[in-house]
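Okay, so here's the structure we're looking at.
To find a chain, count down the sequence lines: A is the first, B the second, and so on, and within it residues start at 1. All values below were derived from every heavy atom in this structure, side-chain atoms included, with hydrogens, water molecules and symmetry-related copies excluded.
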Amino acid sequence: MLAVGGLLIWLAIAKEYEPALLLPIGFGAILANIPFSAAVAPGGFLEILNRAGIMTELFPILIFIAVGAMCDFSPLLQNPSLILFGAAAQLGVFATMVLAATAGFGLREAAAIGVIGAADGPTSIYVASRFAPRLLAPITVAAYSYMSLVPIIQPLVVRRLTSPQERRIRMKLGREGVSRTTLILFPIGVTLLAGLVAPISVPLIGSLMFGNLLRESMVVPSLSAAAQKELAGLVTLLLGVTIGSTMRADTFLTTETLLILGMGLLAFAADTAGGVLFGKFLNLFLRRKINPMIGASGISAFPMSARVIARMAAKEDPQNYLLMHAVGANVAGQIASIMAGGLILALVR
Amino acid sequence: MDWLDSGTVLASLRVLVLGMVGILATSALFMLLTVALRRAFPPSREQAEPGRSGRPNEL
């Protein structure tokens, strides 16, 4: 496990794969696996952080406040139909849950594994800490590893599912802006609606939207800035090192971990495929076609996924500017991945 | 981990169907909310330009 910790640190520094997470996780793994380490003994600081921040689900919630403060929903509000791409791209979450159940995991553990596909680290941690605490470390490592591999995984899936003609489809930009009142009322309305549909999702969606309200209100710039910078940095640091401390040899170096990593990859690819196929399905009925590639951005890896799709479109046709559409689908993916986590918590007993 | 428990697989299929229906329905509600908000509170003239929300995009 010391070598695994070293590998994660190397990936963070040399390859710059999600360094903000993989570096603390790698060092946490080293701290936890030094024989007789007092850091993870009862009363050790990592054990206290695990109890206080992970088992209580506090760290993921705080991360969502930070993420909400960073999110600009205006590309989505300019083109509301993009919300559906976020929903379609959650197919992999549920499909992988079935696969994991078939492989012999219990329903709660299978559900936690499926959430890897949402490419949403905090939601993965939130669901895993409730449903599969013993699998928390491999699920978290898989979720963040695949998020960093978006530029490799998504183009492979998108190219296989689309023709060059489809990838060249141009889409018009929205002609209207969005009023400040709409930007302020959107996070409040989404929280209320999500709370009515799945009350168990309120901590997740509520914290995301609270962060967004801090940003959009424009009356608390210092709170918004603190959420985006200090809160995000501090909680990411503590979350990473604490997750790393749960990577013990007896629970991590198992065939289950390999299975979880494999199924996480499938979940990620299936989510990408779900979004693209939904775009192709819509094109069967639409007179003005949409570029199905934007469906792949309906995952939560923001803004990396949107950038990857915009770059792919520009590669096929340098005059095709898909970035704003892809960003809209991408922020829809942020909301939808949290809703997927909330629905799983509500539906799985 | 036990290999292939049909009860668990059936339960997971139920969650798949209900989950996808639930998330599509919720997203449709969000879409309606967005459309309603945009109609009720249209942008002012200076915001009604292509790609403008009145604030810089940080991407």
- Query: If you look at every heavy atom in A:L347 and B:R14, which pair is closest and at what distance?
  - Reply: O-NH1, 4.1 Å
- Message: Rounded to the nearest 0.5 Å, what separates atom CG in B:L32 from atom CD1 in A:I83?
- Response: 9.0 Å
- Message: To the closest 0.5 Å, what do you measure between CG (B:L37) and CG (A:L183)?
- Response: 9.5 Å
- Exam field: side chain B:R38 to backbone A:V178, donor-acceptor pair closer than 3.5 Å: no
- Item | Which atoms of A:A110 approach chain B - backbone, side chain, both or neither, heavy atom under 4.5 Å | neither
- Note on the structure: One option among B:V35, B:T26, B:L10 has the most heavy-atom pairs under 4.5 Å with chain A, and it is B:T26
- The residue among A:L99, A:T102, A:V98, A:V348 that forms side chain to side chain contact (heavy atoms under 4.5 Å, CB included) with B:S12 is A:V98
- Item | Which atoms of B:L33 approach chain A - backbone, side chain, both or neither, heavy atom under 4.5 Å | side chain
- State, to 0.1 Å, how close A:A87 and B:L24 come at their nearest heavy-atom pair, and which atoms those are. CB-CD2, 3.7 Å
- Message: Counting only non-hydrogen atoms closer than 4.5 Å, does B:T8 touch chain A with its backbone (N, CA, C, O), its side chain (CB onward), both, or neither?
- Response: both
- Task: Name the option with the most non-hydrogen atom pairs under 4.5 Å to chain B; the candidates are A:S81, A:A346, A:G342, A:A198.
- Result: A:S81
- Message: Can you tell me how far apart CG (A:L343) and CG (B:L18) are? Round to the nearest 0.5 Å.
- Response: 9.5 Å
- Nearest heavy atoms of A:I335 and B:F30, plus distance in Å: CG2-CE1, 3.6 Å
- Once you round to the nearest 0.5 Å, how far does CE of A:M339 lie from CD1 of B:I23? 6.5 Å
- Any donor and acceptor pair, going by atom type alone, linking the side chain of A:T182 with main-chain N or O of B:F41 inside 3.5 Å? yes
- Task: Quick one: closest heavy-atom pair of A:F186 and B:T34, and the distance?
- Result: CE1-OG1, 3.5 Å
- Task: Please report the shortest heavy-atom distance between B:A11 and A:L107, naming the atom on each side.
- Result: CB-CD2, 3.7 Å
- Which distance, rounded to the nearest 0.5 Å, do you find between the CG of A:L84 and the CE of B:M31? 5.0 Å
- Checking A:N79 against chain B: side chain, backbone, both or neither under 4.5 Å from a heavy atom? backbone
